[in-house]
Chemist: 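The following block contains the structure, expressed as structure tokens.
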Amino acid sequence: MTQVSLEKLIAGARAGLLVSFPTDTVPALAAIPEKAGLIFAAKQRSQDKPLILMAASAEDLWPYVKGSDEEYKIWQELTDKYWPGGLTLVLPASQRLPKVMNPSDPTTIGIRVPNSAIAQTILAQTGPLATTSANFSGQPPLQTIAEITAQFPDVLTLATTEFQDEILGVGIPSTVAKWTGINWQILRQGAINLDSSNVTKI
């Protein structure tokens with residue numbers, strides 16, 4: 001049985017193990033950034049599908065990206081409006097990002113702050129984690145702890161008793177917007193309806 005307490009899950013993640021926990025969209029499969037390869041292996045995921053760096057706050061994520069002062073202002077406009085929430089921003093990556101997070105294009109990284117108390121509690125203690133939906137690549141995201149435990153028996157999942165009062169995710173992945181250097185390209189419409197025509201450009 002791999003369902004564990006919050007304390008054990010946080011300790012496991014910090015020790016470099018694969019973990020799974022609820023978020024505001026779909027349950028996450030997560031590991032510290034240096035161990036992101038574990039996620040690719042567990043999901044049988046293609047190396048050209050990057051992971052998302054998730055953290056408890058925007059302040060924890062800014063060191064992993066780089067841009068001009070003007071770009072930071074534009075990015076922060078969106079994060080101030082939609083974070084915490086179901087929006088992933090794909091931005092230029094800084095040197096701090098381990099290449100294993102995005103093996104085929106280590107120059108960019110998707111970042112997100114989830115609107116989930118349980119996810120934020122975990123991320124505040126582990127620091128930013130490499131994340132993706134909990135499922136085999138190409139399959140629909142798994143929605144319950146029981147499904148995740150069955151499909152990924154070696155992954156530490158959060159015992160359901162740990163989040164009885166938590167409203168589970170909407171079941172829709174995050175919206176993904178990529179910064180092109182001059183404007184936003186919507187890669188995936190998801191939990192937040194974003195229109196590239198009404199967001200700030202350079």
Side-chain angles (χ1 to χ4, degrees), residues 20-30 33 36 39 43 45 48-67 70-93 97 101-102 105 108-124 126-135 137-144 148 158 163 165-202:
S20 179
F21 52 84
T23 76
D24 49 342
T25 54
V26 293
L29 196 59
I39 297 177
K43 280 181 66 106
R45 185 180 177 91
D48 61 3
K49 289 186 175 174
L51 305 174
I52 291 171
L53 192 65
M54 200 180 274
S57 72
E59 288 68 38
D60 289 343
L61 290 168
W62 294 130
Y64 291 89
V65 299
K66 61 176 183 189
E70 188 179 4
E71 285 178 314
Y72 272 108
K73 275 186 191 147
I74 291 170
W75 302 344
Q76 281 176 312
E77 262 183 43
L78 271 190
T79 59
D80 288 350
K81 189 172 179 183
Y82 293 113
W83 280 3
L87 175 66
T88 298
L89 298 183
V90 179
L91 303 176
L97 186 81
M101 282 280 303
N102 188 355
D105 181 14
T108 65
I109 182 61
I111 58 172
R112 183 165 100 81
V113 176
N115 187 17
S116 157
I118 199 85
Q120 291 212 5
T121 300
I122 292 165
L123 292 160
T126 59
L129 293 179
T131 66
T132 182
S133 56
N135 55 295
S137 207
Q139 305 276 324
L142 302 175
Q143 302 290 354
T144 68
I148 294 165
L158 194 59
F163 55 92
D165 301 330
E166 175 90 358
I167 295 167
L168 291 186
V170 292
I172 301 166
S174 62
T175 294
V176 181
K178 181 177 186 178
W179 180 248
T180 66
I182 49 170
N183 59 15
W184 294 103
Q185 177 188 3
I186 311 298
L187 300 183
R188 177 177 74 194
Q189 283 288 8
I192 284 169
N193 191 14
L194 203 63
D195 182 351
S196 56
S197 66
N198 63 10
V199 287
T200 307
K201 311 171 178 63
I202 279 185

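In what follows, residues are counted from 1 in the order of the sequence shown.
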Chemist: Taking side chain as C-beta onward, heavy atoms only, is W179 less than 4.5 Å from L78?
Modeler: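 Answer no - side chains too far apart.
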Chemist: Quick one: does D60's side chain have a donor or acceptor within less than 3.5 Å of a partner on P128's backbone?
Modeler: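 Not confirmed, D60 side chain does not pair with P128 backbone.
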Chemist: Mind checking whether L91 and W62 have side chains closer than 4.5 Å, heavy atoms only?
Modeler: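 Heavy-atom side-chain distance check passes, below 4.5 Å.
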Chemist: In terms of side-chain heavy atoms, does T25 have a donor or acceptor partner in R112 at a distance below 3.5 Å?
Modeler: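 There is such a pair between these side chains.
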Chemist: What distance do R188 atom CZ and L194 atom CG have between them, rounded to the nearest 0.5 Å?
Modeler: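 The CG atom of L194 is 13.0 Å from CZ of R188, to the nearest 0.5 Å.
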Chemist: Looking at side-chain heavy atoms only, is the closest gap between S174 and I52 below 4.5 Å?
Modeler: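 Yes; the side chains approach each other to less than 4.5 Å.
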Chemist: For a 4.5 angstrom cut-off between non-hydrogen side-chain atoms, does Q120 reach V113?
Modeler: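 Side chain of Q120 against side chain of V113, heavy atoms only: contact under 4.5 Å found.
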Chemist: Specify the closest pair of heavy atoms between A134 and S20, including all atoms of both residues, with the distance to one decimal.
Modeler: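 Distance-wise, the nearest heavy atoms are CB-OG, 4.1 Å.
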Chemist: Quick one: closest heavy-atom pair of I111 and W83, and the distance?
Modeler: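 Residues I111 and W83, closest heavy atoms: O-CZ2, 3.3 Å.
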Chemist: Could you give me the CA-CA distance, side-chain angles and deciding distance for K49 and T132, then say whether side-chain contact (heavy atoms from CB on, under 4.5 Å) is met?
Modeler: CA-CA 10 Å; K49 289 186 175 174; T132 182; over 6 Å; no
Chemist: Side-chain contact, heavy-atom cut-off 4.5 Å: T175 with Y82?
Modeler: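 The answer is no, as the side chains (C-beta and beyond) never meet within the 4.5 Å cut-off.
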Chemist: Looking at K43 and N135, would you say the former's side chain and the latter's main chain have a donor-acceptor pair under 3.5 Å?
Modeler: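 Yes, K43 side chain to N135 backbone: donor-acceptor pair under 3.5 Å.
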Chemist: Which heavy atom of A130 sits nearest to which heavy atom of L53, and what is that distance?
Modeler: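 Closest pair (atom of A130, atom of L53, distance): N-CD1, 4.2 Å.
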Chemist: Answer yes or no: is there a side-chain heavy-atom contact under 4.5 Å between P27 and Q143?
Modeler: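 They are in contact (side-chain heavy atoms under 4.5 Å apart), so the answer is yes.
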Chemist: Grab the two heavy atoms, one from T131 and one from A28, that are nearest each other, plus how far apart they are.
Modeler: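 Heavy atoms of T131 and A28 come nearest at CB-CB, 4.4 Å.
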Chemist: About how many Å separate CG of L129 and CG of L29, when rounded to the nearest 0.5 Å?
Modeler: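 L29 CG to L129 CG: 11.0 Å, rounded to 0.5 Å.
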Chemist: How far apart are the closest heavy atoms of K66 and W75, and which atoms are they?
Modeler: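 Heavy-atom minimum between the residues: O-CH2, 3.3 Å.
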Chemist: Work out which heavy atom in P22 is nearest to a heavy atom in L158; give both atom names and the distance.
Modeler: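 Heavy atoms of P22 and L158 come nearest at CD-CD2, 4.2 Å.
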Chemist: Working to the nearest 0.5 angstrom, can you tell me the gap between I109 CD1 and T88 OG1?
Modeler: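 That separation rounds to 10.0 Å.
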Chemist: Atom CG of L97 and atom CG of N102: how far apart are they, to the nearest 0.5 Å?
Modeler: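 It is 7.5 Å, given to the nearest 0.5 Å.
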Chemist: About how many Å separate OG of S116 and CG of L123, when rounded to the nearest 0.5 Å?
Modeler: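 So the gap between those two atoms works out to 8.5 Å.
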Chemist: May I ask you to test the D105-P50 pair for a side-chain heavy-atom distance under 4.5 Å?
Modeler: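 The answer is no; the side chains never approach within 4.5 Å.
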